[in-house]
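Here the structure comes first, spelled out in structure tokens, and everything after it is commentary.
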Amino acid sequence: MAAYDFQSIEKKWQQYWADKSSFKATVDNKKPKFYALDMFPYPSGAGLHVGHPLGYIASDIVCRFKRTKGYNVLHPMGFDAFGLPAEQYAIQTGQHPAITTQENIARYKEQLKNIGFSFDWSKEVQTCDPNYYKWTQWIFIQLFNSWYDHEANKARDIDELIAHFEKNGNAGLNAACDEDVVGFDANEWKSFSEIQQHEMLLKYRLTYLSETTVNWCPELGTVLSNDEVKDGYSERGGFPVVRKQMSQWSMRITAYAERLLEGLDSIDWPDPLKEMQRNWIGKSIGAEMTLKIDGYEDTITVFTTRIDTVYGLTFMVLAPELDIIQKITTSEQKEAVETYIEVAKNKSERDRMTHVKKVSGVFTGAYAIHPFSGEKLPIWAADYVLAGYGTGAVMAVPGGDQRDYDFAKHFDLPILPIYEGMDITEEANPTKEGMIINPGILEGLTYEEATNKAISFLEEKGIGSKKINYRIRDAIFARQRYWGEPVPIYFKEGIPYPVADEDLPIVLPEVDKYLPTADGDPPLARAENFTYTPKGSNESYPIEQSTMPGWAGSSWYWYRYMDASNENAFVSDEARDYWKDVDLYIGGTEHATGHLLYSRFWNKFLCDRGYANEEEPFKKLVNQGMIQGRSNFVYRKKGTNEFVSLNLKDQFETSPMHVDVGLVDNDVLDTDSFKAWRPDLKDAEFILEDGKYICDYEVEKMSKSKYNVVNPDDIIERYGADTLRMYEMFLGPLEQFKPWNTHGIDGVYKFLRKFWRLFHENEEAFSVSEESPNKDEQKIIHRTIKKVEEDINSLSLNTSVSTLMIAVNELTALKCNKREVLEKLVITLSPFAPHMAEELWQLLGHSEGVSKASYPAYDESYLTESTHEYPISINGKVRAKIAFAIDMSNEDIESQVLAHEAVMKWTEGKPPKKVIIVPKRIINVVL
RNA sequence: GCGGAUGUGGCGAAAUUGGUAGACGCACUAGACUUAGGAUCUAGCGCCGCGAGGCAUGGGGGUUCGAGUCCCUCCAUCCGCACCA
């Protein structure tokens, strides 16, 4: 075997792993399980760039390590294959999205395979595969057939709800349901027609149809979820988004708000991510209070977190969308109110946000009665109050709340102080300090006393109570799109019914075009005979025409990997009981309030209904940072074809231009390649410095248009997959964002060749010595084994690469080629550079792959020092180093005596005033 | 505005969690070896200073024998949420 020929080595072992199915994971109750999951990619047309595999490399290292530690490892990969880009490409070209998707998947797989991952490809899933989405549809139906019982704090079968209705109506029920549900008894239930009963049940189902205000994006022709809208524009494409009323499928995720919040305490996730989910769920504890409207039967209910400030309440504000406004507006105010509401309604979300600072509102002419003081409170409508949060109405306390304060100032409404000594001349004061000064039942009380007393008052009067409010809203679960899972629902007399299990999947039908119809129906309306005939019926019924949103397929996929080809269940009980949950999940932070929240929701649901074992699906989660591009620039002299080197650019008038990073090495431009790059540059001239053209650089997102994309295939071709893997880890901490810089890869490449040379004499012949290692060599290898193990466990993979480098440097310096040392070293290397490790392992004479080897144990006795050289500082300053034969980490008397003797020797017998020995290393001597 | 994070050489970064700051790598400098390589090896490489020595972990202050690490404060950058009552 000659020099390190990574190309043939890597091909050979990738083939070997595939032939032997080395990483096929099967249930084995004798072994502990380890399930490592990567966020599966959406296969875009651009292919992978070097940033994509970062997290996969990290999880692969952990998996390969865990195998050597005796774990049965499940490490699967698949594709989140439904999505907008394929559909938009289809709209433009007429090409079926399934075809482009398959092409892209093939390319991704090829690229992934080149990196040498230990994926079990036999468990691959694709969310667009009917055998997969059959189960996405099945789960949808389970949700449809369930309701949430707050009493039992779990989801239950809808039949149990029907049984309850038949016995008691909806009395004595604490269930999650629509707000407009009214009470009925058993007789009333029985008197309902079938349609009425179904309509009522729909208000309780965990997936339900409702009239909702949605984020409608006219450009994309679809509805977007809140997290797909950024500042009033679609996250994808940046098109304007408007509010629109529509009948939509929704998921009752709000039923799980509290459990989603509580669950965060039990999982090992990064704090920022947990915080994001907490904010998204947005729990606030306060009180609900109902106020009478002067002269009307109707009432207004408000939610407040500061019931203690109720005596500072001087007016009421309603969201313009509330229907009650029309009813209570006086005739004098009618015109003003209607104008205001009209304007507010037509304001897009976007406009509403841009004008945040601008105070606007209108008086309705009506008054509410203050429940504590009996005073009359003017009722206003204003768009600073959101219809979607709380009750859409607020009690305005301008003394304590800045928004109310601004509003009161603008419209000249009274502002009252609440606590003693409160300064409200310039702005509101949200203090909770001091005693309440307003006359009434709360006078003289502190914040806590007042809060409790006010709530008891509300409860006594039956006009309010303590209340917990959540910001999270039910998730809209439908898109007016083609390329997604069909919703397994058909309509009979306008009532939705689930498709029978045995008729799943409802396969995505063919259509002539992937656009909405002329009258605005979703693309599926174009399909011919898209109907469903229930068993035993002669009639066909129309199937729901919207498709599921992008997050549907990814909300349960980790279960499918456990048992990917099961045709009878989404996962077998056996596989699920064994693999249970994900031990390590690696992925980006961008899914914080989308995929990661929905997955937890579905998992809790599946758990409630007995289809999952664990309450939380992802025990430990790590966010890998993105690898950014490092773009290069040249400076063109304005109006010419002359380019000025970086440090001379200020002498001319220039404009920067992106240049392909492939034409640049260490910021030096290859001017010949540059001229050949594009036809318009063939006559380019250069103003050089020191005979070179130096480019500027900037760190940006990797993208084609910035010419900064680095393809892993190119790196593998030049340096090999092992080098790529190690370099990506060496780049810095996994969680951090960092720019890709191909230049530094040499260091890792050199390391691997050095590693190879340890096993080869004269760079050529394989040769290891059978001699036993000496103490220094033992020390090196045991220290390395320990450090690498610790680093992998804590995912400090950048330092473990350094550790291996140091070991190789030291062993090279010692010219150590002893088998006992090198065998252990190969195993510690194998998670990082598996191909080379396999090759060397084979050369060492092993017939089984290195993944079957077990990770070496380290021997502490080689690591504890018997002789140390420790600094001694005298009068606070380090004077010299002194060696003595003790371990200063022990605090025993003997050590101290020895240390003292050493000090005496060093201070030439002068007895020091004070000798300080701390339980570590440094001794401070005060003379 | 609220919440979270991060600040260490020319660059990516280490620092056994309070104990010799800058390991390891890149870049750079000088040299060696050569069948001239995208090869290998040796030495140097935070700043000031000829030197002894002094100064250095965003700035300032504090606790401690000792602080990159703990506390207070200010500054900068990034991310998330944003009229949430």
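Everything numeric in this text was worked out from a predicted model, so none of it was measured. Numbered from 1 within each chain, the chains take letters A, B, ... in sequence-line order.
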Mind telling me whether B/rU40 is syn or anti, cutoff 90° either side of 0?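 Here the answer is anti: the torsion falls beyond 90° from 0.
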Please name all residues satisfying side chain to side chain donor-acceptor pair (under 3.5 Å) with A/Thr290, sequence neighbours left out, ordered by chain then number.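 Testing A/Thr290 for side chain to side chain donor-acceptor pair (under 3.5 Å), a comparison that skips the adjacent residues, returns A/Thr301.
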Does A/Asp404 have any side chain to side chain donor-acceptor pair (under 3.5 Å) partners at least two apart in sequence or in another chain, and if so, which?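 For A/Asp404, the residues satisfying side chain to side chain donor-acceptor pair (under 3.5 Å) (neighbours in sequence not counted) are A/Tyr384.
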Can you pull the salt bridge (charged side-chain N to carboxylate O under 4.0 Å, His left out) pairs that have at least one residue in residues 724-735 of chain A, sequence neighbours excluded?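 Non-adjacent pairs meeting salt bridge (charged side-chain N to carboxylate O under 4.0 Å, His left out): A/Asp60-A/Arg725.
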Who are the salt bridge (charged side-chain N to carboxylate O under 4.0 Å, His left out) partners of [X], not counting sequence neighbours?
X        : result
A/Arg278 : A/Asp265, A/Glu275
A/Asp474 : none
A/Lys787 : A/Asp791
A/Asp406 : none

A/Asn708 side-chain N/O to A/Lys701 backbone N/O, donor-acceptor pair under 3.5 Å: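 Confirmed, A/Asn708 side chain pairs with A/Lys701 backbone.
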How would you label the contact of A/Gln402 with the nucleic acid (heavy atoms, under 4.0 Å): base, sugar-phosphate, or nothing? nothing
Where are the stems of RNA chain B, defined as at least 3 consecutive Watson-Crick or wobble G-U pairs with both distances under 3.5 Å?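 Stems (3+ consecutive pairs) listed as B:1-7 with B:75-81, B:10-12 with B:24-26, B:28-32 with B:40-44, B:46-48 with B:53-55, B:58-62 with B:70-74.
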Nucleotide by nucleotide, 5' to 3', does protein get under 4.0 Å of the base (B), only the sugar-phosphate (S), or neither (-) in nucleotides 25-32 of chain B, counting heavy atoms? SSS-----
